[in-house]
Amino acid sequence: MTPLLVSVAMRHLLARKRQSLVSLMGIVLGVGFFLAISAMMQGSEADFIRRLVDNSPHITLQDTYRNPTAQPVAQAYPNAVIAIRRVKPETETRGIRGYARILDAIRARPGLRASAVLTGQALINFAGRDVAVTLNGIVPSEYTGVSTIENYMVAGTLEDLNSNQDGIIIGDQLAHDLSLERNENISVTGTANQTRTFKIVGLFHTGRLNVDSSQAFVQRKRVQALMDRANRVNSIIVKANDPYVARDEAARIEQRFGYKSVSWQEASEDIMNTLMIRNIIMYTVVSAVLIVAAFGIYNVISTVVLEKRRDVAILKSIGFRARDIEWIFLLQGVILGTLGNLMGLPLGSLMMASLGGLEFKLPGSSDVVRLPIDWSWQQFAIAGGFALFAAVLAAFLPARKAARLRPVDILRGGT
Amino acid sequence: MTAVLEAEHLTRRLPGEVVVTLVEDVSLQIQKGEFVAINGPSGSGKSSLLYLLGLLDLPTSGAVRLNGEDMSHSGEDQLARARLEHMGFVFQSHFLLPEFSTVENVALPMRRLGKLDDTEIVRRATEILETLGLKQERHKLPKQLSGGQSQRVAIARALGNNPAIILADEPTGNLDTKSSAIVQGILKGLAREHGRTVVVVTHDPQFAAQADRIITIVDGRILHPSYT
């Protein structure tokens, strides 16, 4: 039954080989370009997000609340109309209270790692120069779990802060600016006006100038002392094995502890929006290629339908149903779409391979850059699926027209 | 005897600004195994009557009965099924599918019905072609056949599903005298020797004269039924 319809459809296409071949080539090129471009764009997006996700905390707990705390009277009468003027918030030592409890709670969640950090501004005095830095007070063993800084160390390790409690790790740019080297001593003045001497135990190079010239890492206890904020931290950094749970986990943490918790998606919402717009533009362009190809298919199948009116009439009078006739022409779209995929997807893979093989050297950098290509099966499925859909849709209109032909109209004119 | 095909007050009009009446108030009965010729001048509506009897077209009013069952209110699929199982058509043009060989063309209705397997279908198609003297031509394409041969292949195709009724619309209209005589002989033989009902539209009086009965149509109406 169906093989019969397939064989009729095949004969129709084979009867006008050149026309079928041209429309087939349209689909082949369309699928190829669709696949290659989409794989390249998705690859670069994935690469971009990976860098973004790797180098930034997945969730950051801050020592602030999203909304100001309610006044006691407002808490007592939640439904009353209350106006209090000139409220001055209570003076208190800033920071996250009871962070050890929060850390335990976060670490109890599967796949989450957390580290408490006290960050503050400080001045480094050396050879008569003052340079402002951001001092990150960390516990090295827990901080390595949530940060990639360890990968960027060019001298020493984060663990060296344990062996020398008065150690400091600074960026290589800062060291260069101040003509400092490893194992030299510098004095650091905190906001509480205390000064301490630290020994440089390590240097890092991230490639981002503002990080390399202004960030420094020391033991958390030292920062707490320098800032006069014993037992406080002002942020908790969380990394997750699966970065995409960050949004939900951040909401849970915020709901439970009240502190503002920002997921990486929230922190980089503008970038995510840009990426989405870029995707929309890209798919619009590559779809246009396939839509043009679909017109080729529409063209060949409507020509076939026009030429085959007599055949349709006799098939119907023999006892083929309207559905059967419709299928004959729909199948031609399916055949062209499938053949287009069979040839177009390998063509696209070839283009992907050659694009992925290109090597670029950015000016001023010694690093060789390759185009990131997304080889996942989804890319093939989207390109192949869209091509088949376009081909079948293009066949649908002429097929409907053929199915509606009344044999009597053609027999009257034909005899 | 039982009426295989029966028309009752059959009327077919084409709607439009000027309504054209193709067939008007035709009632007739065709018995099993009968060989009926429908004749009349060009444009008299004889082909239209055949399309109505062959369930290719539906009447504006009146009824067509196939084996006693009124088909005039059936859906398209039901009509297609009835044509597939009970009827075989032969037209003035052979309407063979040009991409299919002779034997494949004959096999089409059998493959659509799907009651036999592929080897059986080819065997039966070859057999039918052989009885019509076309076994040598079975692998040829329609364009390699003469007009008379093509028309015989069309008859072979109509016989595929062993239908009780053969409907032919000017089957000899495009043929030379010799081929015409062969086709006439085949159609007559189908009725006389194989007990099939054969309805032929023709304006060839010599062909019509061989039928059991001649129905003459003028302006869409039966002029006068005459029996031989």
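In the text below, chain A, chain B and the rest are named by the order of the sequence lines, each starting its count at 1.
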Novice: Out of curiosity, A/Lys316 NZ to B/Leu79 CG, how far, rounded to the nearest 0.5 Å?
Specialist: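 Output value for this atom pair is 11.0 Å.
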Novice: For A/Phe386, is the CZ atom crowded, meaning more than 12 foreign heavy atoms sit under 6.0 Å from it?
Specialist: yes
Novice: I'd like to know whether CZ of A/Phe33 has more than 12 heavy-atom contacts from other residues, nucleotides or ligands below 6.0 angstrom.
Specialist: no
Novice: Tell me whether the count of non-hydrogen atoms from other residues, nucleotides or ligands lying under 6.0 Å of CG in A/Asp242 goes above 12.
Specialist: yes
Novice: Please report the interatomic distance CD1(A/Ile314) to NE2(B/His94), rounded to the nearest 0.5 Å.
Specialist: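 Between atom CD1 of A/Ile314 and atom NE2 of B/His94 there are 10.5 Å.
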Novice: Tell me, for B/Glu76 versus chain A, whether the close heavy atoms (under 4.5 Å) come from the side chain, the backbone, both or neither.
Specialist: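 Side chain only.
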Novice: Checking side-chain contact (heavy atoms from CB on, under 4.5 Å) between B/Glu99 and each of A/Leu13, A/Val8, A/Asp311, which is the one that passes?
Specialist: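 It is A/Asp311; the other options fail the test.
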Novice: Quick one: do A/Ser317 and B/Phe91 satisfy side-chain contact (heavy atoms from CB on, under 4.5 Å)? Show the steps, please.
Specialist: CA-CA 10 Å; A/Ser317 67; B/Phe91 299 101; 3.8 Å; yes
Novice: Identify the heavy atoms of A/Val408 and B/Leu56 that sit nearest to each other, and give their distance.
Specialist: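 Where A/Val408 meets B/Leu56 most closely, the heavy atoms are CG2-O, 3.3 Å.
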Novice: For B/Ile121, is it the side chain, the backbone, both, or neither that has a heavy atom closer than 4.5 Å to a heavy atom of chain A?
Specialist: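 Contact with chain A involves no heavy atom of B/Ile121 at all.
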Novice: For a 4.5 angstrom cut-off between non-hydrogen side-chain atoms, does A/Lys308 reach B/Pro98?
Specialist: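 A side-chain contact exists here, since the closest heavy-atom pair is under 4.5 Å.
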Novice: With only heavy atoms counted, which part of A/Leu315 is less than 4.5 Å from chain B, the side chain, the backbone, both or neither?
Specialist: side chain
Novice: Any idea which heavy atoms bring B/Arg112 and A/Gly319 closest together, and the distance?
Specialist: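 Heavy atoms of B/Arg112 and A/Gly319 come nearest at NE-O, 4.0 Å.
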Novice: Is it the case that the side chain of B/Arg81 and the backbone of A/Arg321 share a donor-acceptor pair, with hydrogens and angles ignored and the cut-off at 3.5 Å?
Specialist: no
Novice: Looking at A/Arg16, I want to see if its CZ is surrounded by more than 12 non-hydrogen atoms of other residues, nucleotides or ligands under 6.0 Å.
Specialist: yes
Novice: Working note: A/Ser7 + B/Glu104, criterion side-chain contact (heavy atoms from CB on, under 4.5 Å); need CA distance, chi angles, decisive distance, verdict.
Specialist: CA-CA 11 Å; A/Ser7 73; B/Glu104 286 170 328; over 6 Å; no
Novice: Determine whether A/Leu411 and B/Gln92 satisfy the following criterion, side-chain contact (heavy atoms from CB on, under 4.5 Å), listing intermediate values before the conclusion.
Specialist: CA-CA 9 Å; A/Leu411 296 171; B/Gln92 183 169 1; over 6 Å; no
Novice: Let me see the working for A/Leu4 and B/Leu108 under side-chain contact (heavy atoms from CB on, under 4.5 Å), right down to the final yes or no.
Specialist: CA-CA 8 Å; A/Leu4 169 62; B/Leu108 276 174; 3.7 Å; yes
